[in-house]
Amino acid sequence: MPKEVITTRAKDYNQWYLDIVREADLAEVAEVVRGCIVFKPTGWAIWEMMQRALDDRIKETGHSNVQFPLLIPKSFIMKEAEHVDGFAPEVAEVTRAGGEDLTEPYVIRPTSETIIGHFYSKWIRSYRDLPLLYNQWCNVMRWEMRTRPFLRTSEFIWQEGHTAHVNEAEAEAETLKILHEVYADFAEQVMAVPVIRGLKTENEKFPGALRSYCIEAMMQDGRALQAGTSHNLGQNFAKAFEITYTDHNNTVQHAWTTSWGVSTRLIGALIMTHSDDEGLVIPPRLAPIQVVVVPIFKNDAEREKVMATVHALTSTWKGVLRFKIDDRDNLSPGFKFNEWEMKGVPVRIEVGPKDVEKGSVAIARRDIPGREGKSFVPQEGLTERIRDLLEAIQQALFERALRFREQHSADVQSYEELKVQVERGFARAYWAGSSADEKRIQEETRATIRCIPLDQPGTPGICVYTGKETTQQVIFARAY
RNA sequence: CGGGGCGUGGCUCAGUCUGGUAGAGCACCGCGUUUGGGACGCGGGGGUCGGGGGUUCGAAUCCCUCCGCCCCGACCA
């Protein structure tokens, strides 16, 4: 009899999410620090896997890691008009230190464009100093009204890339390169999360940016989650912080800058894309533990034989598979099966006395939970079989998520259809409305334009709201 | 910030209306039996009842006050 420790998705999707976070032992709400969480080993291990895969891609695309201060002089934040408006309400300030009031308060970084802008202006003199391609892994703080583990926390961990270029075309190329080669590639290839690449509308873009691009994913309740953003900042920050360079013709020019980030929110995307009512599901390429081996025995004699087989089977796995042998002797096998399923380990191998005799093992795949995903296979060729299975699971998860998104997306021709469709997923619509129209729709439907997809149909249509003819299609959805 | 709910062993909660020796289940510890889908028996430890003040012979329970957390709405990676 399974214990019901996880609320089903059908009953309460919100509660299900919180149950997964707790039961998979990913994180705990830090009730003593408003809006913050503690990452527990399982949650942090997933983040480390994400971090590694992203960091590799960031470096492959020519960037270097650096680290800037946590505190930013308050006046810096005030320098770029749109930026101030965007961030002022959610900034935490340090006004007192060393037992004295500070002459100028510091803000705890909500993002680092301003302090990095200050230093870039010192470091950049000539076009020969460009492009400047830096990234930092750090924590930032935004005082949010409502928080949820991973999806929205007051303090969060992310990477923020900051680059400077000689002209708009190079800045734009950088912005798009990150979007495609780093973020979308990581999301789809490693996380098995299909994403829509698009441009943000004026309402939704980063405060201070010229243009913001994003990858948007669909969660299992049909809502959208912005999984990453890449901004072409134009010359806005360069002008505010006087980031200038001398060009070939000995003329002083403002640089063009970009910034881009993904955060621990990706863990939320992971949970809400793949997991089920049995617990977390982690795609094999991301899983800190890909294979768990559960030995089964009744007495010391059996234990010895079983463990000998387990060690023989796993002897070649080091450096090939990320695995764990669960030889805890105070827990029943059934308990372990459920526990590892809860924690999302992609493949489980069971080795019992019968397997020792028959030269077999039981192999279970996490993407098909319970007994249905379990079968008995020969010990011979097990490593290859597992590697093939891991790859099959990776593909199956991506395809399942993609199918789900397609089934919950629809083209809408009228505002009435739009209202209905955003209740169940993404609504694709022709759009020629204004920012004010967009806000009105948000008030009426709670849905926003998630993005203007980079893939456009190319054929004209009628705007869902204004009735004007246009060639531009957008995605409406409710968002996290 | 508005509306609602809740603070009692580690966790989930009962007890509060109607004041009278702080309880249950799970978890934990010990011993024994178990182990192929969340094992069982016996024994055991553990609580300033969110904080402060008041009423009372007596307060988890009634009154005042402060604090915290969760949920639902308006803002956000």
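Letters go in sequence order (proteins before strands), and every chain restarts at 1. Only this structure's heavy atoms are used, side chains among them; waters, hydrogens and symmetry mates stay out.
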For [X], answer base if it contacts any base atom (sugar-phosphate contacts may also be present), sugar-phosphate if it contacts only those atoms, and nothing otherwise; contact means non-hydrogen atoms under 4.0 Å.
X        : result
A:Gly86  : nothing
A:Thr153 : base
A:Ala362 : base
A:Arg328 : nothing
A:Met342 : base
A:Gly261 : nothing
A:Phe87  : nothing

Roughly how many Å apart are [M] and [N], using the [atom1] atom of each and rounding to a whole number?
N      : M      : atom1 : value
B:rA14 : B:rG7  : P     : 7 Å
B:rC72 : B:rU35 : P     : 46 Å
B:rG47 : B:rC63 : P     : 29 Å
B:rG19 : B:rC62 : C1'   : 8 Å
B:rA27 : B:rC70 : P     : 27 Å
B:rU61 : B:rG4  : P     : 24 Å
B:rC71 : B:rG32 : P     : 45 Å
B:rU21 : B:rC66 : P     : 32 Å

With a distance cut-off below 6.0 Å to the six-membered ring centre and an angular limit of 45° from the axis, does [X] pair with [Y] as a cation-pi contact?
X        : Y        : answer
A:Arg405 : A:Phe426 : no
A:Arg265 : A:Phe156 : no
A:Arg142 : A:Trp158 : yes

Distance check needed: [N] [atom2] versus [X] [atom1], whole Å only.
X        : N      : atom1 : atom2 : result
A:Lys200 : B:rA77 : NZ    : P     : 8 Å
A:Asp327 : B:rG36 : CG    : P     : 17 Å
A:Glu339 : B:rA39 : CD    : P     : 12 Å
A:Asn330 : B:rA39 : CG    : C1'   : 12 Å
A:Glu443 : B:rC75 : CD    : C1'   : 13 Å
A:Arg148 : B:rA77 : CZ    : C1'   : 14 Å
A:Glu28  : B:rC69 : CD    : C1'   : 13 Å
A:Phe337 : B:rA39 : CZ    : P     : 11 Å

- prompt: When only distance counts, do a donor and an acceptor, one from the side chain of A:Lys336 and one from the base of B:rG37, lie under 3.5 Å apart?
  reply: no
field: Side chain A:Glu341 and base B:rG37 donor-acceptor under 3.5 Å
entry: yes
Centroid-centroid distance, [X] to [Y], less than 6.0 Å:
X        : Y        : answer
A:Tyr480 : A:Phe150 : no
A:Phe241 : A:His118 : no
A:Phe68  : A:Tyr134 : no

With respect to the side chain of [X], which nucleotide from [options] is positioned closest?
X        : options                : result
A:Lys374 : B:rC71, B:rG37, B:rA77 : B:rG37
A:Val29  : B:rU35, B:rA77, B:rC70 : B:rC70
A:Ser332 : B:rG36, B:rC75, B:rA39 : B:rA39
A:Asn14  : B:rU35, B:rC72, B:rA77 : B:rC72
A:Ser263 : B:rG73, B:rC75, B:rA77 : B:rA77

query: Taking for each residue the nucleotide of RNA chain B with the nearest heavy atom, is it A:Arg371 or A:Arg446 whose nucleotide lies nearer the 5' end?
result: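 Looking at the nearest nucleotide for each, A:Arg371 comes out on the 5' side.
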statement: Note: for A:Phe150 and A:Lys354 on RNA chain B, the residue whose nearest nucleotide lies more 5' is A:Lys354
Both distances under 3.5 Å, Watson-Crick or G-U wobble: report the partner of [N], or none.
N      : answer
B:rC40 : B:rG32
B:rC1  : B:rG73
B:rG47 : none
B:rC6  : B:rG68
B:rU56 : none
B:rC11 : B:rG25

- prompt: Parallel under 30°, tilted from 30 to 60°, perpendicular over 60°: which one fits the rings of A:Trp431 and A:Tyr465?
  reply: tilted
- prompt: If we ignore angles and hydrogens, is there a donor and acceptor under 3.5 Å between the side chains of A:Lys358 and A:Gln379?
  reply: no
- prompt: Quick one: do the A:Thr309 and A:His311 side chains pair a donor with an acceptor below 3.5 Å?
  reply: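 Per modelled atom types, A:Thr309 and A:His311 side chains form no pair under 3.5 Å.
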- request: Say whether, by atom type as modelled, one donor and one acceptor occur between the side chain of A:Glu82 and the main chain of A:Gly208 under 3.5 angstrom.
  value: yes
query: Any donor-acceptor pair under 3.5 Å linking the side chain of A:Tyr120 with the backbone of A:His162?
result: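 Between the backbone of A:His162 and the side chain of A:Tyr120 there is a qualifying donor-acceptor contact (under 3.5 Å).
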field: Considering all heavy atoms, the nearest A:Ile267-A:Gly43 contact
entry: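 Looks like CD1-O, 4.0 Å.
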task: Return the minimal non-hydrogen interatomic distance between A:Arg478 and A:Arg446, and the atom names on each side.
output: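 Looking at all heavy atoms of both residues, the closest pair is CG-O, 3.6 Å.
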Near-strand residues of residues 293-305 of chain A, defined as heavy-atom separation under 4.0 angstrom from RNA chain B: A:Ile296, A:Phe297, A:Lys298
message: Give the residues of residues 207-238 of chain A touching RNA chain B, defined as any heavy atom closer than 4.0 Å, sorted by residue number.
response: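 Hits under 4.0 Å, by residue number: A:Gln226.
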field: B:rA77 base stacked by A:Phe156 (centroids within less than 5.5 Å, tilt under 30°)
entry: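 Stacking is present between B:rA77 and A:Phe156, given that their ring centres fall under 5.5 Å apart and the planes under 30°.
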message: Is there a side-chain contact between A:Arg22 and the phosphate of B:rC11, meaning an N or O under 4.0 Å from OP1 or OP2?
response: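 Looking at the OP1 and OP2 atoms of B:rC11, neither is under 4.0 Å from any side-chain N or O of A:Arg22.
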